[in-house]
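Remember, it's 1-based here, ligands and their atoms both numbered in the order they're listed. In this text the structure is predicted, and so the values were computed from the model without any measurement. For this chain, numbers begin at 1 and follow the sequence in order.
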Amino acid sequence: MALLKILHYPDERLRVRARPVERVDDEIRVLAEDMLETMYAAPGIGLAAPQVDVAKRVIVVDVSEDKSDPRVFVNPEILAHEGQIKTEEGCLSVPAIYEKVTRYERIRVRALDLRGEPFELEAEDLLAVCIQHEIDHLDGKLFVDYLSELKRKRIRKKLEKTRRHTL
Ligand code: GNR
Ligand code: NI
């Protein structure tokens, strides 16, 4: 088990489109375990591999209150969606910034599990929002991309400033 370092906006590595996993092997299983550990330690309710500088289509999610529902999705795809929901989002790669984003309210997702077996899942509300947020990371997209250019610019300036302090 290992804690991984989380990249922060505006790091360009968060903008790379992650590559599909061709074979779910031990390397992917270790990555998923390390991502779950990193997510819980943060703490967060989701994490995508590009956030820890791995350009592969792997995400982990746990929206339970007691870390009792870890889920791993390899090569996730949204097959169908319904409704819209506007919720306040945050991101471990955009620390201390919270803004409302509109997402699908219900989604049907297909992915591979850690044995490499395909599965499908219906998700709604926070779980659906979190999965959409994580899949966006796989496509190099961040929740700040849904905000106005002015808001995004303010956030970028703020994070560049705090980054200079912590370096
Ligand atoms: O911890 C997280 N909380 C959160 C809240 C609302 C919508 C999405 C999220 S995901 C975020 C962790 C993260 O950055 N995942 O990529
Ligand atoms: Ni995020």
Side-chain angles (χ1 to χ4, degrees), residues 2-21 28 31-78 81-109 111 114 121-148 151-156 158-160 162-163 166:
L3 281 182
L4 308 171
K5 189 172 163 251
I6 297 176
L7 300 176
H8 286 175
Y9 176 73
D11 195 305
E12 282 303 312
R13 290 170 285 181
L14 292 167
R15 296 309 193 175
V16 173
R17 190 182 158 80
R19 294 172 51 93
V21 171
I28 296 296
L31 170 66
E33 283 306 317
D34 289 347
M35 285 172 61
L36 280 166
E37 189 186 0
T38 303
M39 175 189 80
Y40 287 133
I45 59 171
L47 192 69
Q51 292 180 276
V52 293
D53 201 17
V54 176
K56 293 182 180 168
R57 300 187 79 81
V58 178
I59 68 175
V60 299
V61 172
D62 188 341
V63 299
S64 74
E65 288 188 352
D66 55 354
K67 309 181 177 184
S68 61
D69 194 18
R71 295 168 190 264
V72 178
F73 302 80
V74 175
N75 300 341
E77 286 176 84
I78 295 175
H81 56 78
E82 247 179 31
Q84 300 227 305
I85 181 175
K86 196 172 180 181
T87 42
E88 187 143 282
E89 296 196 14
C91 180
L92 295 171
S93 296
V94 191
I97 306 287
Y98 303 91
E99 296 282 351
K100 289 212 159 181
V101 175
T102 301
R103 304 276 190 184
Y104 303 128
E105 186 176 23
R106 280 175 299 282
I107 56 174
R108 182 159 190 87
V109 187
L114 285 183
L121 171 79
E122 303 243 14
E124 59 181 14
D125 302 320
L126 185 58
L127 179 59
V129 166
C130 190
I131 292 170
Q132 289 169 79
H133 175 117
E134 302 315 333
I135 291 177
D136 270 358
H137 277 298
L138 302 182
D139 295 327
K141 197 169 170 83
L142 302 173
F143 85 100
V144 295
D145 299 342
Y146 295 98
L147 309 177
S148 70
K151 269 194 180 175
R152 191 164 50 250
K153 193 172 171 184
R154 282 184 180 148
I155 291 167
R156 196 180 68 231
K158 185 176 168 187
L159 291 186
E160 281 172 347
T162 52
R163 183 134 168 247
T166 49

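Of the possible polar contacts, none joining the R106 side chain to the A128 backbone as a donor-acceptor pair under 3.5 Å is found. Using a distance-only test at 3.5 Å, with no hydrogens or angles considered, a donor-acceptor pair links the side chain of R152 to the main chain of L147. Listed for the D11 side chain is no donor-acceptor partner under 3.5 Å among the backbone atoms of H8. Panel note: side chain R57, backbone V21; no donor-acceptor pair is recorded below 3.5 Å. Using modelled atom types, no side-chain atom of T38 and backbone atom of L3 make a donor-acceptor pair closer than 3.5 Å. Side chain of E89 to backbone of E99: no donor-acceptor contact under 3.5 angstrom is found. Between the side chain of Q51 and the main chain of A48, a donor-acceptor pair closer than 3.5 Å is present.
For ligand 1, the atoms closer than 4.0 angstrom to any heavy atom of E88 are 6 (C). Every atom of ligand 1 with a heavy atom of G44 under 4.0 Å away is listed here by number and element: 1 (O). Of all atoms in ligand 1, numbered sequentially from 1 with element shown, those under 4.0 Å from a heavy atom of C91 are 14 (O).
Ranked by closest heavy atom to atom 15 (N) of ligand 1, the top entry among E89, E134, H137 is E134. Of the candidates G46, A48, G90, G46 brings a heavy atom nearest to atom 12 (C) of ligand 1.
For ligand 1, one of its N or O atoms has an N or O atom of L92 under 3.5 Å away. Residue L126 places no N or O, backbone or side chain, under 3.5 Å from any N or O of ligand 1. Checked against a 3.5 angstrom limit, the closest N/O atoms of S93 and ligand 1 fall outside it.
Side chains of D125 and I85 form a contact here, defined as non-hydrogen atoms less than 4.5 Å apart.
Only protein atoms were considered; those of element N, O or S under 2.8 Å from the Ni ion (ligand 2) number 3.
Nearest to atom 3 (N) of ligand 1 among the protein's heavy atoms is I45 CG1, 3.3 Å. Shortest contact from atom 8 (C) of ligand 1 to any protein heavy atom: H133 ND1, 3.6 Å.
For the pair M39 and ligand 1, no heavy-atom separation below 4.0 Å is found.
Of all heavy-atom pairs spanning D69 and D62, the tightest one is N-OD2, 3.0 Å.
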*Begin from the C-alpha positions of Q84 and T102 and carry the test side chain to side chain donor-acceptor pair (under 3.5 Å) through to its verdict.*
CA-CA 7 Å; Q84 300 227 305; T102 301; 5.4 Å; no
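At a threshold of 4.0 Å, the pair E122-R108 counts as salt-bridged, since one of the basic side-chain nitrogens sits closer than that to a carboxylate oxygen.
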